[in-house]
Protein chains: 2
Amino acid sequence: MLMTLSEENYLKAIYNISTKTGEAVSTNLLAEAMETKASSATDMIKKLAEKDFVNYKKYQGVKLTKEGHLIAASIVRKHRLWEVFLVEKLNFSWDEVHEVAEQLEHIKSDKLIEELDALLDFPRVDPHGDPIPNKYGEIQAKKKVPLSSLKVGEKGVCVGVKSTAKEFLQYLDKIEISLGIELEIIEKEAFDGSVIVLYKDQQKNISAMAAANLYVRKT
Amino acid sequence: MLMTLSEENYLKAIYNISTKTGEAVSTNLLAEAMETKASSATDMIKKLAEKDFVNYKKYQGVKLTKEGHLIAASIVRKHRLWEVFLVEKLNFSWDEVHEVAEQLEHIKSDKLIEELDALLDFPRVDPHGDPIPNKYGEIQAKKKVPLSSLKVGEKGVCVGVKSTAKEFLQYLDKIEISLGIELEIIEKEAFDGSVIVLYKDQQKNISAMAAANLYVRKT
DNA sequence: AACTATTTTTAGATTTGTCTAAATTTTAAT
DNA sequence: ATTAAAATTTAGACAAATCTAAAAATAGTT
Ligand SMILES: [Mn+2]
Ligand SMILES: [Mn+2]
Ligand SMILES: [Mn+2]
Ligand SMILES: [Mn+2]
């Protein structure tokens, strides 16, 4: 199926939103994600519905069809594999990869993505800890909870970030937190929700907001 | 400078044509290269002239300006670096790389291309023997002549191809000719211009057409 | 020099994706 | 059940890149 750049981006946006909410995606949410107007989103929704990539009933939002889901997942797969490539092979840092991956995800070549996958040794997560769909659009997401949900004394391994905002990722770099490190909750401040965590033999204070955006797997 | 996909492709086509001919590029040649109509080429020429990427006088064809040349060369640079990447890192053969490189050449990221260059160890030619412009748009092309220009008894190293048609490249694969091998002219057939060459301890007959499309450096 | 063939440009139409403004439907609140 | 607010769709316009058909300019030939 021939897809335009715009169609691919809309499908991916629908995929990302519905993965979070689980419900039909509203026109306004979609328009916001695409940084465009609701009327433009409606136009594109009609086109995608016409091509049977989404199910659409007026005023009721859209859901991906089987085929729409597969296409969207393949774009997300490419996006995340390219992010791994940029970090692992081209010395990008995790706050630099997204914009370039936004472009690379639209390159059309099955062989390219298969070989890239092999070159990278079949990674299962991207540099932000997000799962990489396989070629059938399936993901096996590991259980992860926000650091903020841990109680005093509990430990966890850092496995992902909720926000991928540059400032947040750079902040984590600055306080030397990266995926894979182990942390222990030493103290929680009831007043502002900040936590004191122990890692790398240091104790540091982490704001409530940062703790809510850092995913860990309990250990 | 923000360039559309189409503008980039036109600039590259102008670059490729004028590199061969040395003269101003005619509307018809440009349209042919872009697989479009002359009227469309005229429209785009006007836009490129407006942006000072080409010098244009009605009915006289176009020439790249300094800036136009730099942009075009940077696209060719990206195209050829990606071709090297595909062959060296992703197991593509030299007849498979072009279509994918046509897409990859439009990815915008200075860091990406610098790092790619380094990953590939700063190659100077692409898989077809074509020179890779440096970041200032300069190339140092090595002297190369068609195999057909060699006389009986002369030797040469295979350094490039004139045609990059799939069938030709696959034919070269089949007769085990690749860049870097050394050949010697054993005999030339006056009748049809074919040549008998010695390489890899074998003698093989190569048609006039193939010999005209295979570049060698005399040794 | 005049005529013809070729090349190039112009004029007007089409498609894609977007926008603004207005109309419609749904939702939430009296 | 009405009414007000919010969300969504429709209508009409626009810019980018293309096309066809017609007009204009150039090049080639007698
Ligand atoms: Mn990303
Ligand atoms: Mn990511
Ligand atoms: Mn190529
Ligand atoms: Mn090439």
Side-chain angles (χ1 to χ4, degrees), chain A residues 1-15 17-18 20-64 68 71-72 75 102-103 105-106 108, chain B residues 1-14 17-18 20-21 23-64 68 71-72 75 102-103 105-106 108:
Chain A
M1 200 60 185
L2 42 341
M3 307 270 307
T4 69
L5 185 70
S6 202
E7 287 171 343
E8 290 193 346
N9 281 330
Y10 272 94
L11 271 192
K12 185 183 53 150
I14 295 169
Y15 175 95
I17 295 169
S18 58
K20 275 176 199 160
T21 68
E23 295 168 17
V25 175
S26 76
T27 302
N28 265 0
L29 268 182
L30 182 54
E32 187 191 20
M34 291 298 298
E35 297 181 80
T36 185
K37 298 301 159 71
S39 53
S40 304
T42 299
D43 286 344
M44 181 56 79
I45 284 170
K46 285 180 186 168
K47 198 184 311 179
L48 294 174
E50 184 59 39
K51 294 187 174 186
D52 282 319
F53 296 141
V54 296
N55 291 125
Y56 171 53
K57 264 177 293 187
K58 271 192 192 176
Y59 296 98
Q60 304 307 130
V62 286
K63 280 191 167 179
L64 292 173
I71 294 174
I75 297 165
E102 285 290 309
Q103 302 177 61
E105 72 191 4
H106 302 289
K108 271 124 191 127
Chain B
M1 201 58 186
L2 45 338
M3 306 270 307
T4 68
L5 185 70
S6 201
E7 287 172 342
E8 289 193 346
N9 281 330
Y10 271 94
L11 271 192
K12 185 182 56 150
I14 295 169
I17 296 170
S18 58
K20 275 176 195 157
T21 68
E23 295 168 16
V25 175
S26 76
T27 302
N28 264 0
L29 268 182
L30 182 54
E32 187 191 20
M34 291 298 297
E35 298 181 80
T36 185
K37 298 301 159 69
S39 54
S40 304
T42 299
D43 286 344
M44 182 56 80
I45 284 170
K46 284 180 185 167
K47 198 185 310 181
L48 295 174
E50 184 58 40
K51 293 187 174 185
D52 283 319
F53 296 141
V54 296
N55 291 123
Y56 171 52
K57 263 177 294 186
K58 270 190 192 176
Y59 296 98
Q60 303 308 129
V62 287
K63 282 191 165 179
L64 292 173
I71 293 173
I75 297 165
E102 284 290 308
Q103 302 177 60
E105 72 192 4
H106 301 288
K108 271 121 189 131

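Being a predicted model, the structure only gives us computed values, none of them experimental. Every chain is numbered from 1 and lettered A, B, ... according to where its sequence line falls, protein lines coming before strand lines.
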Exercise. Checking side chain to side chain contact (heavy atoms under 4.5 Å, CB included) for the pair Ile75(A)/Met3(A): CA distance, chi angles, key distance, verdict?
Worked result: CA-CA 11 Å; Ile75(A) 297 165; Met3(A) 307 270 307; 5.6 Å; no
Please produce a list of atom pairs where a protein N or O lies less than 3.5 Å from an N or O of nucleotides 2-5 of chain C.
none

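- Between Val25(B) and Val54(B) there is no side-chain heavy-atom pair separated by less than 4.5 Å.
- Among the heavy atoms of the strands lying under 4.0 Å from Lys46(A) are primed sugar atoms or P, OP1, OP2 only; no base atom is included.
- When all heavy atoms of Ala33(A) and Ile17(A) are compared, the closest pair comes out as CB-CD1, 3.9 Å.
- At whole-Å resolution of the value, CE in Met44(A) and C1' in dC19(C) are 14 Å apart.
- Going from atom OH of Tyr56(B) over to atom C1' of dT10(C) covers 10 Å, rounded to whole Å.
- Across every non-hydrogen atom of Leu30(B) and Ala13(B), the tightest pair is CD1-CB, 3.8 Å.
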Considering only nitrogen or oxygen atoms on both sides, find all protein atoms under 3.5 Å from nucleotides 26-28 of chain D and state each distance.
none

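- The distance between atom CD1 of Ile45(B) and atom P of dA16(D), rounded to the nearest whole Å, is 18 Å.
- Rounding to the nearest 0.5 Å places NZ of Lys12(A) at 13.5 Å from CG of Leu64(A).
- If you measure from atom CG of Asp43(B) to atom C1' of dG12(C), you get 12 Å, rounded to the nearest angstrom.
- Partners of Tyr15(A) by ring-ring contact (aromatic ring centres under 6.0 Å, His included), not counting sequence neighbours, listed by chain and number: His69(A).
- In this structure, NZ of Lys51(B) is placed 11 Å from C1' of dA16(D), rounded to the nearest angstrom.
- Identified under the salt bridge (charged side-chain N to carboxylate O under 4.0 Å, His left out) test for residues 48-64 of chain B, with sequence neighbours left out: Glu7(B)-Lys51(B).
- Within residues 25-40 of chain B, the residues having any heavy atom closer than 4.0 Å to DNA chain D are, in order of number, Thr36(B), Lys37(B), Ser39(B), Ser40(B).
- Taking both residues in full, the closest heavy atoms of Ala24(B) and Gly61(B) are given as CB-C, 4.4 Å, listed atom of the first, atom of the second, then distance.
- Minimum interatomic distance between Ser26(B) and Leu29(B) (heavy atoms only, all atoms of both residues): OG-N, 3.1 Å.
- A heavy atom lying under 4.0 Å from DNA chain D marks the following residues of residues 4-14 of chain B, by number: Thr4(B), Ser6(B), Tyr10(B).
- Contact between Ala49(B) and Tyr56(B) at its shortest, heavy atoms only, is CB-CB, 3.8 Å.
- Taking both residues in full, the closest heavy atoms of Ser18(A) and Glu23(A) are given as CB-O, 3.8 Å, listed atom of the first, atom of the second, then distance.
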